[in-house]
Colleague: 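Structure incoming, see below.
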Amino acid sequence: MRISDKPVAKRLEALGVEIRPGVSLEELTSLGIGGTTDQLLIRRYDTLPQVMRELKNEGIPHKFLGGGTNVLVADGELPWVVLHLPTSQPGMRVEGTAAYVDAAADLGGTVTFCAKRDLGGMEGLIGVPGSIGGALRMNAGAYGMQIGSYVREVELYRAATGENEIVRGEQIRFDYRHTSFAPEDVMLRVKLELPSKPYKEIVAGIRVCNEKRRASQPLNQKSAGCIFKNPPGASAGRMIDELGLKGLRSGDAMVSDRHANFFVNAGHASCEDMLKLIDDVRDRVRKSFGIEMENEVILWRN
Ligand code: EPU
């Protein structure tokens with residue numbers, strides 16, 4: 001969707017929005033898959049309600065992109081613009097045992113920043129790619145911890161009211177890779193309350209998690225992490241592996257030969273290639289194990 005030549009573009013620019021015309025989502029996602037559209041960089045969080053009103057009044061469909069590490073985006077000219085918070089120099093500060101972090105901050109960078117100030121708890125998240133905003137929305141987790149456990153407050157744009165609001169941690173439900181935020185809510189900032197730990201101890205924990213991850217996940221290939229959620233009481237990766245599906249391909253989309261729940265873009269995979277592979281694997285698991293697997297990756301098709 002192109003809006004750079006429409007009158008609304010000027011009004012958005014007056015609100016501090018930078019419009020980048022015709023950006024490829026291949027460049028903005030870890031899977032390296034996706035078509036083109038205009039990208040809107042929202043430089044001032046306080047203008048978000050006005051920006052959203054402009055888009056609504058003009059009937060411009062939009063989607064909010066965080067780190068782009070957990071989305072599978074459709075091919076071709078996309079029917080919506082992509083909104084983005086700029087990632088250069090996002091705010092991060094620590095007061096006592098509380099960390100205040102902007103949603104655009106890198107998740108791993110936040111873990112390290114807090115560690116250097118003797119605040120731990122999030123060691124398991126060190127290798128999880130993505131932004132703080134995305135981690136909050138999905139309740140990112142690994143190695144027995146999840147970010148939701150440490151959330152005390154979230155500042156967000158709430159779609160239901162059209163305003164920015166601060167929500168207390170206990171008002172939010174954090175489940176396995178799911179939260180009570182509405183799909184159109186936009187994460188802006190978070191206050192985390194973290195356990196005090198000596199830096200050395202945190203670093204030792206981080207090393208262990210990094211080693212485990214390096215040993216089991218295809219970190220240097222284009223992927224969106226795990227494709228399926230683990231069904232209750234079962235492991236998606238183990239089931240797919242047991243069926244001998246590592247290396248299975250649809251075009252350039254391939255089941256990783258390292259971790260069977262990671263599907264990688266082994267060249268120039270299209271969204272359709274990846275969707276075919278996902279459906280194929282889901283069908284085979286259903287037939288063999290009688291288990292219906294739910295996507296963990298978020299699909300942006302329309
Ligand atoms: N397994 C296999 N073959 C494989 C992959 C895994 O047999 O190809 C077995 C492992 O040996 C292990 C079990 O399956 O016994 C579980 O595997 P693993 O420890 O790798 O964890 P996982 O359940 O597959 C989850 C998260 C990951 C997270 C890791 C580490 C989900 C869907 N996945 O993976 O998160 O990094 O634990 O805590 O919850 C993500 O969310 O994108 C993600 C990668």
Colleague: Tell me, with the steps shown, if Phe64 and Glu184 meet side-chain contact (heavy atoms from CB on, under 4.5 Å).
Modeller: CA-CA 8 Å; Phe64 225 99; Glu184 302 80 19; over 6 Å; no
Colleague: Is there a donor-acceptor contact under 3.5 Å from the side chain of Arg158 to the main chain of Val167?
Modeller: no
Colleague: Going from NE2 on His259 to CZ on Arg238, what distance comes out if it is rounded to the nearest 0.5 angstrom?
Modeller: 10.0 Å
Colleague: Examine Met138 and Ile132 and state if one hydrophobic cluster contains both, with Ile, Leu, Val, Met, Phe, Trp and Tyr joined whenever side-chain heavy atoms are less than 4.5 Å apart.
Modeller: no
Colleague: Would you sort out whether Phe263 and Ser256 count as a side-chain contact (heavy atoms from CB on, under 4.5 Å), showing the intermediate values?
Modeller: CA-CA 5 Å; Phe263 292 11; Ser256 161; over 6 Å; no
Colleague: Heavy atoms, side chains only, cut-off 4.5 Å: are Tyr157 and Asp185 in contact?
Modeller: no
Colleague: Does a side-chain heavy-atom distance below 4.5 Å link Val81 with Gln39?
Modeller: no
Colleague: So, for Leu65 and Leu25, which heavy atoms are closest and what is the spacing to 0.1 Å?
Modeller: CD2-CD1, 4.1 Å
Colleague: Between the main-chain N or O of Asp273 and the side-chain N or O of Ser270, is there a donor-acceptor pair closer than 3.5 Å?
Modeller: yes
Colleague: Check whether any side-chain heavy atom of Val190 sits under 4.5 Å from a side-chain heavy atom of Tyr150, and report yes or no.
Modeller: no
Colleague: Counting N and O atoms only, with roles assigned by atom type, does the side chain of Thr36 sit under 3.5 Å from a partner on the main chain of Glu77, one being a donor and the other an acceptor?
Modeller: no
Colleague: Around atom CD of Gln171, are there more than 12 heavy atoms from other residues, nucleotides or ligands closer than 6.0 Å?
Modeller: yes
Colleague: Without swapping roles, check the side chain of His62 against the backbone of Ile60 for a donor-acceptor pair under 3.5 Å.
Modeller: yes
Colleague: Hey, could you give me the OG1/CD1 distance between Thr179 and Ile147, rounded to the nearest 0.5 Å?
Modeller: 11.5 Å
Colleague: Please confirm whether the backbone N or O of Gln50 pairs with a side-chain atom of Thr47, one donor and one acceptor, at under 3.5 Å?
Modeller: no
Colleague: Using a strict 4.0 Å threshold on nitrogen-to-oxygen distance, state whether Glu58 and Arg11 make a salt bridge.
Modeller: yes
Colleague: So do the side chains of Pro61 and Met1 get within less than 4.5 Å of each other, counting heavy atoms only?
Modeller: yes
Colleague: If you apply the rule side-chain contact (heavy atoms from CB on, under 4.5 Å), what do you find for Val111 with Glu123, and how did you get there?
Modeller: CA-CA 7 Å; Val111 176; Glu123 292 85 336; 5.6 Å; no
Colleague: Which atom pair, heavy atoms only, marks the closest approach of Arg282 to Phe228?
Modeller: NH1-CE2, 3.7 Å
Colleague: Taking atom NZ of Lys276 as the centre, does the number of heavy atoms from other residues, nucleotides or ligands within less than 6.0 Å exceed 12?
Modeller: no
Colleague: Cation-pi check for Phe113 against Arg117: NZ or CZ below 6.0 Å from the six-membered ring centre and within 45 degrees of the axis, yes or no?
Modeller: yes
Colleague: Do you know the tightest heavy-atom contact between Ala104 and Pro86?
Modeller: CB-O, 3.4 Å
Colleague: Are Met145 and Ile172 connected in the hydrophobic side-chain network, where two residues link if heavy atoms are under 4.5 Å apart?
Modeller: yes
Colleague: Check the pair Ser4, Asp38 against side-chain hydrogen bond (donor to acceptor under 3.5 Å, both in side chains), reporting the backbone distance first and the verdict last.
Modeller: CA-CA 7 Å; Ser4 37; Asp38 283 357; 3.2 Å; yes
Colleague: Compare every heavy atom of Met187 with every heavy atom of Leu85, then report the nearest pair and how far apart it is.
Modeller: CD1-O, 3.8 Å
Colleague: Which pair of non-hydrogen atoms, one from Val73 and one from Gly35, has the smallest distance, and what is that distance?
Modeller: CG1-N, 4.4 Å
Colleague: How about Leu72 and Ile298: do any of their side-chain heavy atoms sit closer than 4.5 Å?
Modeller: no
Colleague: Does CZ belonging to Arg2 count more than 12 external heavy atoms closer than 6.0 Å?
Modeller: yes
Colleague: Is it true that atom CZ of Arg207 has more than 12 heavy atoms of other residues, nucleotides or ligands lying nearer than 6.0 Å?
Modeller: no
Colleague: List the atom of Val51, the atom of Ile42, and the distance in Å for their closest heavy-atom pair.
Modeller: CG1-CD1, 4.2 Å
Colleague: Taking NZ, NE, NH1 and NH2 as the nitrogens, is one of them in Arg173 or Asp175 under 4.0 Å from a carboxylate oxygen of the other?
Modeller: yes
Colleague: Within the 4.5 Å heavy-atom criterion, are Thr29 and Thr69 side-chain neighbours or not?
Modeller: no
Colleague: Do Glu54 and Leu12 come close enough that some side-chain heavy atom pair is under 4.5 Å?
Modeller: yes
Colleague: Does Asp252 pair with Arg249 as a salt bridge, N-O distance under 4.0 Å?
Modeller: yes
Colleague: Tell me whether Glu18 is salt-bridged to Arg20, with the criterion being a basic N under 4.0 Å from an acidic carboxylate O.
Modeller: yes
Colleague: Between Arg286 and Asp283, is there a salt bridge with N-O shorter than 4.0 Å?
Modeller: yes
Colleague: Would you say CZ of Arg168 has more than 12 non-hydrogen atoms from neighbouring residues, nucleotides or ligands within 6.0 angstrom?
Modeller: no
Colleague: Apply salt bridge (Lys or Arg N to Asp or Glu O under 4.0 Å) to Arg189 and list each qualifying residue two or more places apart in sequence or on a separate chain.
Modeller: Asp102, Glu155
Colleague: Determine yes or no for a side-chain-to-main-chain donor-acceptor pair under 3.5 angstrom, with Asn139 supplying the side chain and Gly148 the backbone.
Modeller: yes
Colleague: Using modelled atom types and a 3.5 Å cut-off, is there a donor and acceptor pairing between side-chain atoms of Thr97 and backbone atoms of Pro195?
Modeller: no
Colleague: Out of curiosity, Leu245 CG to Asp280 CG, how far, rounded to the nearest 0.5 Å?
Modeller: 7.5 Å
Colleague: Tell me whether Asn230 contacts the main-chain N or O of Ala236 through its side chain, where contact means a donor paired with an acceptor under 3.5 Å.
Modeller: yes
Colleague: Checking side-chain contact (heavy atoms from CB on, under 4.5 Å) for the pair Asn210/Val208: CA distance, chi angles, key distance, verdict?
Modeller: CA-CA 5 Å; Asn210 271 339; Val208 171; over 6 Å; no
Colleague: Rounded at 0.5 Å granularity, tell me how far CG in Leu192 sits from CE in Met92.
Modeller: 10.5 Å
Colleague: With a 4.5 Å heavy-atom cut-off, do Leu83 and Met52 have their side chains touching?
Modeller: yes
Colleague: With a 4.0 Å cut-off on N to O distance, would you call Arg152 and Glu170 a salt bridge?
Modeller: no
